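The structure appears below as structure tokens.
Starting from 1, each residue takes its place in the sequence as its number. These numbers come from a predicted model, not from an experiment.
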Amino acid sequence: MVIPGIQALFGFQLIAVFNQGFDEKLSNVGQTVHLVAMTLTALSMALVMSPAALHRLAEPKQVSERFLWLASNLILAGMVPLAVAIGLDSYVVTSIVLGRELPAVVLGTVLMVVFAWMWLVLPLGELHKH
């Protein structure tokens, strides 16, 4: 379920660069932040898609405990750069819309914290309850 969302985000990030006004609306810093976010999204996509390739090539007819552990950890690892990428691009969009840095930094940071909480802290807390 995560893969189509990551791919859609990556597509929008790519399209943004080719839109008229990209270099006019964004400072060099904003453009660099967007590039970093796009790179992190690509990294996230690679991590989240790796279990499928690994399964097809290494264990096509079985599912071992090791594969389940590795696949779960690759997907979890992929969520980290995705959360950062979303926070960074939220910063970029907010800085354009509001024309102010502080709200952009606050929104980007808050979103990263929310994603970290929902995707890492909350699940790990549930793990320790069992």
Side-chain angles (χ1 to χ4, degrees):
M1 289 179 51
V2 175
I3 294 170
I6 295 171
Q7 289 171 328
L9 174 61
F10 189 68
F12 283 118
Q13 287 173 319
L14 285 174
I15 290 169
V17 175
F18 297 105
N19 281 335
Q20 185 177 358
F22 179 79
D23 57 342
E24 297 164 5
K25 292 179 183 178
L26 285 177
S27 66
N28 285 340
V29 171
Q31 291 177 31
T32 302
V33 170
H34 180 72
L35 177 62
V36 170
M38 197 173 73
T39 303
L40 289 170
T41 302
L43 174 61
S44 175
M45 194 173 5
L47 288 165
V48 170
M49 292 175 74
S50 290
L54 180 64
H55 179 61
R56 274 185 246 122
L57 295 173
E59 298 180 358
K61 296 183 190 231
Q62 63 182 353
V63 177
S64 67
E65 287 290 324
R66 173 160 166 62
F67 170 77
L68 292 174
W69 176 86
L70 184 58
S72 294
N73 282 292
L74 284 168
I75 292 169
L76 183 60
M79 304 316 282
V80 174
L82 180 60
V84 175
I86 291 170
L88 290 175
D89 264 342
S90 296
Y91 158 81
V92 170
V93 171
T94 304
S95 66
I96 292 170
V97 171
L98 299 180
R100 297 180 24 224
E101 288 293 312
L102 183 60
V105 170
V106 169
L107 180 63
T109 303
V110 165
L111 285 174
M112 284 188 239
V113 169
V114 168
F115 282 119
W117 177 263
M118 298 301 291
W119 291 347
L120 298 172
V121 176
L122 188 62
L124 287 173
E126 288 298 312
L127 176 67
H128 291 100
K129 287 182 182 179
H130 299 284

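Partners of Phe22 by ring-ring contact (aromatic ring centres under 6.0 Å, His included), not counting sequence neighbours, listed by chain and number: His34. Take Thr41 and apply the side chain to side chain donor-acceptor pair (under 3.5 Å) test, not counting sequence neighbours, and it matches Gln13. Legend: residues meeting side chain to side chain donor-acceptor pair (under 3.5 Å) with Ser64, ordered by chain and number and at least two apart, are Glu59. Partners of Met45 by side-chain contact (heavy atoms from CB on, under 4.5 Å), not counting sequence neighbours, listed by chain and number: Ile6, Gln7, Phe10, Met49.
Cluster note: Val97 groups with Val93, Leu98 through ILVMFWY side-chain heavy atoms spaced under 4.5 Å, whether in direct contact or through intervening members.
Applying the side-chain hydrogen bond (donor to acceptor under 3.5 Å, both in side chains) test to every pair with at least one member in residues 21-31, sequence neighbours left out, gives no pairs at all.
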Expected list for residues 66-77: side-chain donor-acceptor pairs under 3.5 angstrom, two or more places apart:
| from | atom 1 | to | atom 2 | distance (Å) |
| --- | --- | --- | --- | --- |
| Ser72 | OG | Leu68 | O | 2.9 |
| Asn73 | ND2 | Trp69 | O | 2.8 |

Donor-acceptor pairs under 3.5 Å, side chain of residues 101-123 to any protein atom, not counting sequence neighbours: which ones?
| from | atom 1 | to | atom 2 | distance (Å) |
| --- | --- | --- | --- | --- |
| Glu101 | OE1 | Tyr91 | OH | 2.4 |
| Glu101 | OE2 | Tyr91 | OH | 3.3 |
| Thr109 | OG1 | Val105 | O | 2.8 |

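Val80 has its side chain out of reach of Leu40: every pair of non-hydrogen atoms, C-beta onward, lies at least 4.5 Å apart.
Phe12 and Ile3 fall into different hydrophobic clusters, where Ile, Leu, Val, Met, Phe, Trp and Tyr residues are linked whenever their side-chain heavy atoms come under 4.5 Å apart, directly or through other members. Note on Leu88 and Met79: separate hydrophobic clusters, where clusters join Ile, Leu, Val, Met, Phe, Trp and Tyr whose side-chain heavy atoms are under 4.5 Å apart, directly or indirectly.
Of all heavy-atom pairs between Leu47 and Pro51, the closest is O-CD, 3.4 Å. Between Ala85 and Ala37, the closest heavy-atom pair is CB-O, 3.3 Å. Counting all heavy atoms, side chain and backbone alike, Ile86 lies closest to Leu9 at CG1-CD2, 4.0 Å. Closest approach of Pro60 to Ala58, counting heavy atoms only: CD-C, 3.6 Å.
Atom CD of Gln62 is surrounded by more than 12 heavy atoms from other residues, nucleotides or ligands within 6.0 Å.
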